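Each remark here refers to the structure printed beneath this line.
Computed from heavy atoms alone, side chains included, the values below leave out hydrogens, waters and symmetry copies. Everything numeric here is computed off the predicted structure, so don't read it as measured data. Note on naming: letters A, B, ... go to the chains in the order of the sequence lines (proteins, then strands), and numbering restarts at 1 for each one.
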Amino acid sequence: MFGKGAALLAVLLVLCSGAARSAEAPLPYQIVGKGVPVPLSGTPGNAENGRALVASRAGGNCLACHAAPIPEESDHGRVGPDLRGVGSRFGAAELRLRVVDPKVLHPDTMMPAFFRAEGLNEVAAPFRGQTILSAQEVEDVVAYLMTLK
Amino acid sequence: MPMSRGVLCALAGFVLAVFSCPGPVVAGESGVASPSPVDAAPHIDAALAAPRIDAALAPYIVGAKRSGYVYALPETRAMQDDEIMNPGFAWVERGRGLWTEVEGANGKSCASCHGPVESMAGKAVSYPKWKASMNRPVTVERQINFCRVAAMKAEPWEHESPQLLAMTTLIKQQSRGLPMSMADDGPMREWIDRGKALYFARRGQLDMSCKHCHDDHPGEKLRAETLSQAHVNGFPTYRLGWQGLGSLHRRLETCYEQMRAETYPLGSDEYVALEIFLTDRGRGLPIETPSVRR
C-alpha cells in the first residue's frame with residue numbers, strides 16, 4: 001500500500017514523464033458542472049486512434065454497448081444510445097466526464113468508468129489498480145466523439 | 001399450447017411497451033438527465049421482436065419471467081426442441097450409461113438404490129434443497145456426490161467433469177417441462193438473501209452487477225449476444241459458443257470474467273447462493289435441461 005506521499009510522487013512522476021499509461025494511478029481531474037473541462041493530458045487527442053479504441057475489444061470496447069459509424073466492425077451493441085451525432089449533442093467537457101466516470105451523472109448506469117481505479121470491488125488480478133483507458137486514450141476517444149456531428 | 005386471443009394481445013401490448021421506448025431507461029435513475037434527447041433508434045430488431053408473440057413460446061413465459069429460450073434465435077430453439085439435433089442429449093445418454101455402472105467399495109450403482117432413472121421424475125424441481133444432516137443446501141451436483149461418497153463409497157466427481165455434467169443433465173431431464181418450485185422457507189431464506197446481495201453487487205474493473213445486464217437490458221444486444229433475464233431453468237446447457245455442455249456455475253464464472261472481476265471456485269458457496277437466488281427468482285419456469293443457447 002502506498003502512503004499519501006508516495007501517491008503524490010507517483011502523480012508527479014506521471015506528470016513529468018508525460019506518458020500516463022493505464023497502469024498508473026489516475027491523475028486528479030476536476031468536474032465543473034456536468035463536465036471535465038481541462039484535458040487529462042498535454043497532448044491533444046488523436047481522433048483516429050480514438051476511433052480504433054472505440055472499436056477494439058481490448059481498448060474501450062464501446063461497440064459492445066453502442067452503435068457508431070464504424071461499418072467494418074459487425075455486431076454493434078444496442079444497450080446504450082447510438083453514438084452518431086454525439087459530438088453535436090455534447091461538448092468535449094461533457095463527453096470527457098461521460099468517459100472518465102459516467103456514474104457522476106447517472107449513479108445507476110451500466111456504463112463503466114473508463115478512468116477510475118478506486119472504489120471498485122473484486123477486480124480480477126490482471127486489471128487491479130488500473131484504469132480501463134489511460135489519460136491519453138481518454139483524450140483520443142473524446143477527440144473521436146467530437147467528430148461525430 | 002392453446003393460448004387465448006386476449007393473452008396474445010396482452011403479450012403483444014407488453015412487447016410494444018417494452019421495445020418502443022426511445023432510449024435506455026435505467027431503472028432507478030434519478031441524478032442528472034442527459035442534456036439532449038437520446039437517439040430514437042429501436043433497441044431491438046423487428047425480426048427478433050416478432051417471434052416473441054409466437055404461441056409456441058407461451059410455456060416459456062410465466063408472468064414477466066421469460067426463459068432464455070424466448071431470447072434465443074428460432075434455429076437455436078429448434079435445435080433444443082429436437083432430441084436428435086440437440087447435442088445435450090449425448091450427455092443424457094452418457095448419464096444413462098453411468099446410472100447402472102457399479103462403482104465404489106459398496107459394489108453399488110445409482111440403480112441399486114433408485115431403480116430405473118425414471119424414478120427421478122419431478123425430483124429436480126425442488127433443488128437446491130436444504131439438507132439438515134449437512135446443515136446446508138445441496139445442489140443436484142452435490143446430492144449426486146453425496147450419494148457417491150455416502151452410499152457407494154466411491155470418489156466424488158469433480159465439478160464440470162464429464163461424468164458429473166452427464167449425471168446432472170440426466171437427472172434434470174427427468175423433470176423437463178415441470179415448473180421450478182424450490183422451497184423458500186426456513187434456512188433457505190438466508191441463502192436467497194445472500195445470493196440476492198451478490199446479484200446486485202457491482203464487481204470488477206467494469207463495475208457492473210448482474211442486474212445491469214439481466215434486469216435493465218434483457219432483449220437488447222451486447223455486441224452479438226442478446227441479453228436474457230438470466231434464468232437457470234435450462235442448465236446444464238449446451239452452448240454453441242462453448243461447443244459443449246456446461247453447468248450454471250461455469251456460466252456465472254463467464255459473466256464475472258466479462259466484468260473483469262475475480263471468480264469463485266465452481267461449486268463454491270457464492271455460486272450456490274446465486275443459484276438459489278436465481279432459482280427463487282425464476283420460480284414457475286419449466287425445467288428445460290438440456291437447453292441449447294448461443
Side-chain angles (χ1 to χ4, degrees), chain A residues 22 33-35 55 57 60-68 73-86 88-91 94-95 97-98 101-114 116-133 148, chain B residues 19 21-45 48-49 197-198 200-227 253 256-264 270 294:
Chain A
S22 42
K34 291 176 191 168
R57 279 162 216 268
N61 197 16
C62 313
L63 293 186
C65 298
H66 295 279
E73 283 282 329
S74 59
D75 299 317
H76 297 204
R78 290 275 176 190
V79 160
D82 196 321
L83 293 178
R84 265 168 284 219
V86 87
S88 345
R89 297 201 290 275
F90 301 95
E94 289 169 304
L95 289 172
L97 178 55
R98 288 271 175 181
D101 192 354
K103 271 140 213 154
V104 174
L105 299 168
H106 295 168
D108 193 35
T109 187
M110 173 197 200
M111 181 164 153
F114 286 86
R116 197 175 98 194
E118 298 294 304
L120 305 175
N121 312 304
E122 322 256 328
V123 177
F127 306 103
R128 214 168 291 154
Q130 299 182 43
T131 58
I132 304 173
L133 296 176
L148 302 180
Chain B
F19 295 108
C21 55
V25 179
V26 178
E29 177 183 291
S30 50
V32 190
S34 353
S36 63
V38 138
D39 242 11
H43 270 223
I44 184 120
D45 306 336
L48 256 173
L198 283 164
F200 289 100
R202 284 191 185 266
R203 283 292 156 88
Q205 194 191 33
L206 302 196
D207 201 27
M208 290 175 188
S209 74
C210 315
K211 81 107 189 176
H212 287 105
C213 283
H214 296 295
D215 290 0
D216 293 353
H217 297 287
E220 290 169 16
K221 285 267 176 157
L222 188 78
R223 278 274 185 178
E225 301 257 20
T226 302
L227 289 168
E253 179 179 66
Y256 275 130
E257 281 168 354
Q258 286 179 19
M259 304 182 228
R260 299 186 178 173
E262 286 214 74
T263 58
Y264 302 103
E270 284 82 1
R294 183 173 182 283

### Query
Can you name the closest pair of heavy atoms from A/Ala55 and A/Leu63 and give their distance?
CA-CD1, 3.8 Å

### Task
List for me each residue that meets salt bridge (Lys or Arg N to Asp or Glu O under 4.0 Å) alongside B/Glu262, sequence neighbours excluded, and say none if there are none.
A/Arg128

### Query
What are the two closest non-hydrogen atoms of A/Pro102 and A/Ala113, and how far apart are they?
CD-CA, 3.7 Å

### Task
Select one option (side chain, backbone, both, neither) describing which atoms of A/Ser74 are under 4.5 Å from chain B's heavy atoms.
backbone

### Which of A/Lys103, A/Glu122, A/Arg57 touches chain B most, by non-hydrogen pairs under 4.5 Å
A/Glu122

### Message
Once ring pair (Phe, Tyr, Trp, His ring centres under 6.0 Å) is applied, do any residues pair with A/Phe127, and if so which ones, sequence neighbours excluded?
### Response
none

### Query
Highest number of heavy-atom pairs under 4.5 Å with chain A: which of B/Gln205, B/Glu257, B/Met259, B/Glu225?
B/Gln205

